[in-house]
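This report refers to the structure that appears directly beneath it.
We number each residue from 1, following the sequence as shown.
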Amino acid sequence: MNSEVVYKELLNLFEEQKINDFQGSFDKHGGEFIKKNNKHFFTFGYSITEDYKVVNNDAKNFVVIHRFWLHTAFPELEKIVHPILSKNGLFGTEITYQEVYSSFSVETNFRNILPNEGVQIEKIEELEKIKESFMKFFHEDALPFFNHWHSLPVLNEYMQQDSSREFLSNLLGTLHQFKKAAILKLCNDPSYYEFMDSFYNKRKIIFEEYPEEKVAEQYYKASKELKEVLDNTEPIYNMSNS
């Protein structure tokens, strides 16, 4: 038993159920299924490890499936923010925005999860329960999640509930200010200008006080470039109350 066998069995299951709008791929760490368009990237999958044990001097391969997972990314956001962060050394310079599959993170109570220790699979027959669980995860967890988080305005509305650094960092990551500014502008939120000006001015002051600090320079240059880009970017959605 190896990771390729697991992936092929799950892929065949998807094909049997005519779920053909998600494209699959795998490696030794797991498998994923992704659906892309110009509004969102929906990705879900499973993590896996390969191992073996020796029984009566005979090596038997097995896999452990550890967890199911899912992500949503918004290319309208990432194609603005990612190149700026990458150019200024704040985020992966080796990948493009099309390879960013997660724009945010929220706590989600999945209905279908695996045991903490994972599930060990030695024989193909033992995959039946995993296949059943994975399909339930797809229908009962992944699809409802994707249907809810279907656009930037939904994320913008959720983001409004708390402006604290801790909340935004948990939601959007350590570079949350950049993402928040882009979301506000793309959603035509009237608070964009106040937020962007405040963010840029803070980074400018810090850089002027500590010009020798590389991180201060990176944040300042990135915030300046982001402001220039966003100030000249037309909103995609109309969330303005004005």
Side-chain angles (χ1 to χ4, degrees), residues 34-43 71-106 149-242:
I34 183 168
K35 177 180 179 180
K36 286 187 174 185
N37 61 36
N38 62 352
K39 298 289 184 183
H40 45 243
F41 296 168
F42 293 151
T43 314
H71 297 300
T72 295
F74 299 111
E76 295 168 328
L77 165 67
E78 299 297 342
K79 71 181 180 181
I80 292 176
V81 174
H82 179 79
I84 294 173
L85 297 179
S86 180
K87 174 183 176 182
N88 289 281
L90 294 173
F91 190 81
T93 58
E94 300 299 321
I95 61 175
T96 66
Y97 83 87
Q98 291 99 333
E99 298 172 274
V100 178
Y101 294 143
S102 179
S103 292
F104 65 96
S105 177
V106 292
W149 299 101
H150 60 84
S151 67
L152 273 179
V154 176
L155 180 56
N156 182 49
E157 182 179 0
Y158 183 83
M159 187 175 67
Q160 303 302 323
Q161 66 180 283
D162 192 338
S163 60
S164 69
R165 183 183 184 89
E166 180 181 6
F167 174 80
L168 291 174
S169 180
N170 288 335
L171 177 64
L172 301 175
T174 55
L175 300 166
H176 55 88
Q177 302 99 325
F178 295 92
K179 285 188 176 182
K180 178 176 180 178
I183 293 168
L184 293 175
K185 184 59 187 288
L186 292 175
C187 291
N188 200 25
D189 193 302
S191 66
Y192 160 73
Y193 292 99
E194 180 180 0
F195 178 81
M196 186 73 252
D197 289 345
S198 175
F199 174 48
Y200 167 71
N201 288 332
K202 287 179 181 177
R203 303 318 308 187
K204 184 173 184 291
I205 291 171
I206 293 173
F207 171 63
E208 289 173 345
E209 290 182 351
Y210 306 98
E212 73 284 355
E213 293 289 338
K214 183 177 180 180
V215 173
E217 181 182 11
Q218 289 172 312
Y219 267 81
Y220 165 64
K221 288 184 175 179
S223 64
K224 181 181 180 181
E225 185 174 351
L226 182 68
K227 176 173 167 56
E228 291 171 351
V229 169
L230 290 179
D231 282 354
N232 292 284
T233 296
E234 290 296 322
I236 299 174
Y237 306 97
N238 187 12
M239 302 297 292
S240 174
N241 294 320
S242 60

Looking at residues at least two apart in the chain, or sitting in another chain, which of them share a salt bridge (charged side-chain N to carboxylate O under 4.0 Å, His left out) with Glu225?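 Lys87.
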Please name all residues satisfying salt bridge (charged side-chain N to carboxylate O under 4.0 Å, His left out) with Lys79, sequence neighbours left out, ordered by chain then number. none
Output yes when a side-chain donor or acceptor of Asn88 lies under 3.5 Å from a complementary backbone atom of Leu90, and no otherwise.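 No.
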Can you list the residues that meet the ring pair (Phe, Tyr, Trp, His ring centres under 6.0 Å) rule with Phe167, with sequence neighbours excluded? Tyr158
All N/O donor-acceptor pairs, side-chain side in residues 198-211, below 3.5 Å, sequence neighbours left out:
from, atom 1, to, atom 2, distance (Å)
Asn201, ND2, Asp197, O, 3.0
Lys204, NZ, Glu208, OE2, 2.6

For [X], enumerate each residue passing the side chain to side chain donor-acceptor pair (under 3.5 Å) test, keeping only those at least two apart in sequence or located in another chain.
| X | result |
| --- | --- |
| Asn37 | His40 |
| Lys35 | Asp21 |
| Lys221 | Glu217 |
| Ser163 | none |

[X]: partners by side-chain contact (heavy atoms from CB on, under 4.5 Å), with sequence neighbours left out:
| X | value |
| --- | --- |
| Pro235 | Lys185, Asn188 |
| Ser102 | His71 |
| Ser86 | His82, Thr93 |

Is it true that the side chains of Gln160 and Asn156 contain a donor and an acceptor less than 3.5 Å apart? yes
Name each donor-acceptor pair under 3.5 Å that joins a side chain in residues 170-180 to protein atoms two or more places apart or in another chain, with its distance.
from, atom 1, to, atom 2, distance (Å)
Asn170, ND2, Glu166, O, 3.2
Lys179, NZ, Ser103, O, 2.9

For Phe41 versus Lys36, what's the shortest heavy-atom pair and its separation?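 Heavy atoms only, the tightest pair is CD2-CG, 3.5 Å.
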